[in-house]
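All figures in this text were calculated on a predicted structure; none of them were measured in a lab. Order of the sequence lines sets the chain letters (A, B, ...), proteins ahead of strands, with each chain counted from 1.
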Number of protein chains: 2
Amino acid sequence: MSKALVLVVDDEPRYLKLVRYNLETAGYEVVTAPNGEEALSLAAGQNPDLIILDIRLPGIDGYEVCTRLREFSSVPIIMLTAKGEEQEKVQGLRLGADDYVTKPFAADEFMARVEAVLRRSHIPELNPPIHTVGALSIDCAQRKVTVGGREVSLSPTEYRLLQCLAVNAGRVVVQEELQEKAWGPEYREHYEGLRVFIRRLRQKIEKDPEHPTYIITKPGIGYMLATPA
Amino acid sequence: MSKALVLVVDDEPRYLKLVRYNLETAGYEVVTAPNGEEALSLAAGQNPDLIILDIRLPGIDGYEVCTRLREFSSVPIIMLTAKGEEQEKVQGLRLGADDYVTKPFAADEFMARVEAVLRRSHIPELNPPIHTVGALSIDCAQRKVTVGGREVSLSPTEYRLLQCLAVNAGRVVVQEELQEKAWGPEYREHYEGLRVFIRRLRQKIEKDPEHPTYIITKPGIGYMLATPA
DNA sequence: GGAAACTGTTACGTTTGCGTAACAAATCCA
DNA sequence: TGGATTTGTTACGCAAACGTAACAGTTTCC
């Protein structure tokens with residue numbers, strides 16, 4: 001079975017990157033468009049399985065895109081709306097959107113909605129991956145982490161951090177990226193909490209937290225989730 | 001493979017006979033229901049491969065049937081609508097129907113759509129209408145829940161909540177989705193009653209409600225109905 | 001019309017998670 | 001070597017999340 005293709009439409013590069021990252025991490029193919037015109041053109045040409053559509057767009061806005069899309073396609077649509085704009089949501093759903101997510105959003109909630117919509121639309125969703133690194137395994141569907149068969153309970157932040165490391169297992173992840181992915185774009189620099197959470201993670205998953213074998217430090221660069229020899 | 005089974009739901013005997021004739025001539029197995037209640041019961045019990053569903057029904061109407069069906073089954077649905085009722089079609093498709101045919105219709109057009117829908121949805125396997133998680137079982141047709149053979153009586157809200165968890169058993173369901181599915185879209189955010197009903201559910205289905213094994217909390221995210229090891 | 005069940009709301013105590021600061025240890029570089 | 005920078009560790013206060021109980025309004029059903 002081939003990957004599902006998702007078209008993401010947003011004029012904020014920040015969100016474009018964020019959404020792309022989350023979707024690709026989960027195994028989806030992603031194409032992006034920064035405005036309505038390109039979105040319609042891409043939708044027609046590429047036949048995506050799902051469209052993530054921001055309402056506020058330069059030029060033709062999200063509503064118009066939605067309407068025009070529905071003239072030739074029944075592809076599922078998830079709208080991105082600003083917080084608290086109640087009528088935006090209602091209007092969007094009336095125009096044929098399938099669901100909406102309010103900005104800003106948590107990655108978990110967003111992905112849950114993506115999968116829910118795909119499930120509803122009979123589009124085979126991808127099996128959420130189970131990352132395995134040595135005796136460490138991360139079940140994304142159950143949000144369950146086990147080390148050597150024993151389940152360890154992580155806080156949401158610890159989990160996000162570990163997941164970010166697991167996706168890039170075997171490669172160094174620079175600090176800024178970790179902070180951006182686990183805490184959000186505004187935590188990209190000057191954040192002193194990363195070390196603390198690395199510590200907490202090590203205490204939970206490492207056999208000997210003082211001599212870590214999974215989360216190893218790359219001084220001056222970042223951290224790496226390593227497969228122990 | 002044995003013949004595909006088609007459930008036809010219509011209150012007009014004329015159409016019931018017509019549709020049955022066309023389908024049986026083409027080699028399909030047919031069961032019929034004159035109203036929504038029987039339709040749901042038959043759908044749950046017989047596991048049809050396709051449902052032909054009239055919108056205008058006495059008692060619970062086609063929309064409601066559609067929604068309820070989608071709670072436990074992803075069976076393809078073709079709706080029958082009156083001519084020119086444009087918004088009926090849109091609404092129906094939103095609720096999970098796969099296609100629609102306007103009455104009156106020509107036999108060949110109708111059969112073409114039936115075959116198209118069946119071709120399009122080569123269903124890997126139909127969801128059994130009885131969810132089983134450990135000693136817990138949920139009979140969607142009878143709305144009956146038993147734990148260890150003993151029947152427990154749930155309130156409507158409790159049932160909806162449990163069902164939403166059961167459909168996604170083994171994966172985390174975010175709070176907003178639970179609230180939306182069990183209470184409606186307007187309860188998607190800022191609803192503090194969820195915890196209360198989780199509590200009430202646990203008291204009814206958990207052996208030791210203080211240390212739940214079925215409904216487990218995923219802090220900061222939502223809840224999950226766990227499949228015991 | 002009255003009792004029972006159901007639902008939503010509020011309040012409150014407990015737990016957990018989070019970020020910051022402060023300091024120790026290790027590392028890097030001149 | 002010695003100072004500066006980076007990393008590791010611990011502790012603490014605040015905020016948020018969660019579980020629970022109690023209550024009041026509503027609905028349902030005899």
Q: Give the rounded distance in Å between these two atoms: CD1 of B:I215 and C1' of D:dG19.
A: 13 Å
Q: How long is the line joining CD of B:Q179 and P of C:dT9, in whole Å?
A: 11 Å
Q: Please report, rounded to the nearest Å, how far the P atom of C:dT20 is from the CD atom of A:E192.
A: 5 Å
Q: Main chain of A:K17, side chain of A:R14: is a donor-acceptor contact present, judged purely on distance under 3.5 Å?
A: no
Q: OP1 or OP2 of D:dC18 less than 4.0 angstrom from a side-chain nitrogen or oxygen of B:Q175, does that happen here?
A: yes
Q: Are the side chain of A:D49 and the backbone of A:L5 linked by a donor-acceptor contact shorter than 3.5 Å?
A: yes
Q: Name the residue closer to the 5' end of DNA chain D, choosing between B:R195 and A:I221 according to the nucleotide with the nearest heavy atom.
A: A:I221
Q: Given that A:Y191 and B:T157 both sit by DNA chain C, which one's nearest nucleotide is further toward the 5' end?
A: B:T157
Q: Once you round it to whole Å, what is the distance between P of C:dG19 and NE2 of A:H190?
A: 17 Å
Q: To the nearest angstrom, how far is A:E158 atom CD from C:dT16 atom P?
A: 13 Å
Q: How close do A:E176 and A:R188 get, counting heavy atoms only, and between which atoms?
A: CG-O, 3.3 Å
Q: So what does A:Y159 touch, heavy atoms closer than 4.0 Å: a base, only the sugar-phosphate, or nothing?
A: nothing
Q: First locate atom CG of A:L23, then atom CG of A:L50, and finally report the distance between them rounded to the nearest 0.5 Å.
A: 7.5 Å
Q: In whole angstrom, give the distance that lies between atom CG of B:L161 and atom P of C:dT7.
A: 11 Å
Q: Taking A:N35's backbone N and O only, do any of them form a donor-acceptor pair with A:D11's side chain (distance below 3.5 Å, no angle check)?
A: no
Q: Tell me which one of A:V9, A:L53, A:D10, A:V8 satisfies side chain to side chain contact (heavy atoms under 4.5 Å, CB included) with A:L80.
A: A:D10
Q: Taking 4.0 Å as the cut-off, does a side-chain nitrogen or oxygen of A:W183 come that near to OP1 or OP2 on C:dG19?
A: yes
Q: Which nucleotide in the list C:dC18, D:dC18, C:dC6 gets nearest to the side chain of B:P156?
A: C:dC6
Q: May I have the distance from B:Y187 (atom OH) to C:dT7 (atom P), rounded to whole angstrom?
A: 11 Å
Q: Nearest to the side chain of A:T217 - D:dT20, D:dT7, C:dA21?
A: D:dT7
Q: Under 3.5 Å, sequence neighbours excluded: what are the donor-acceptor pairs made by side chains of residues 159-168 of chain A?
A:
from   : atom 1 : to     : atom 2 : distance (Å)
A:R160 : NE     : A:A182 : O      : 2.6
A:R160 : NH2    : A:A182 : O      : 3.0

Q: Measure CG/A:L194 against C1'/D:dG8 and give the value in whole Å, please.
A: 12 Å
Q: Within residues 196-212 of chain B, find the residues that approach DNA chain C with a heavy atom at under 4.0 Å, and present them sorted by residue number.
A: B:V196, B:F197, B:R200
Q: Look at the aromatic rings of A:Y187 and A:Y191 and report parallel, tilted or perpendicular, splitting at 30° and 60°.
A: perpendicular
Q: Between A:R202, A:K204, A:R200, which is the residue that forms a salt bridge (Lys or Arg N to Asp or Glu O under 4.0 Å) with A:E158?
A: A:K204
Q: Could you give the angle between the helix axes at the two ends of the helix from C:dG1-D:dC30 to C:dA30-D:dT1, with five pairs per end, rounded to 10 degrees?
A: 30°
Q: Taking the side chain from B:E206 and the backbone from B:Y214, do they hold a donor-acceptor pair closer than 3.5 Å?
A: yes
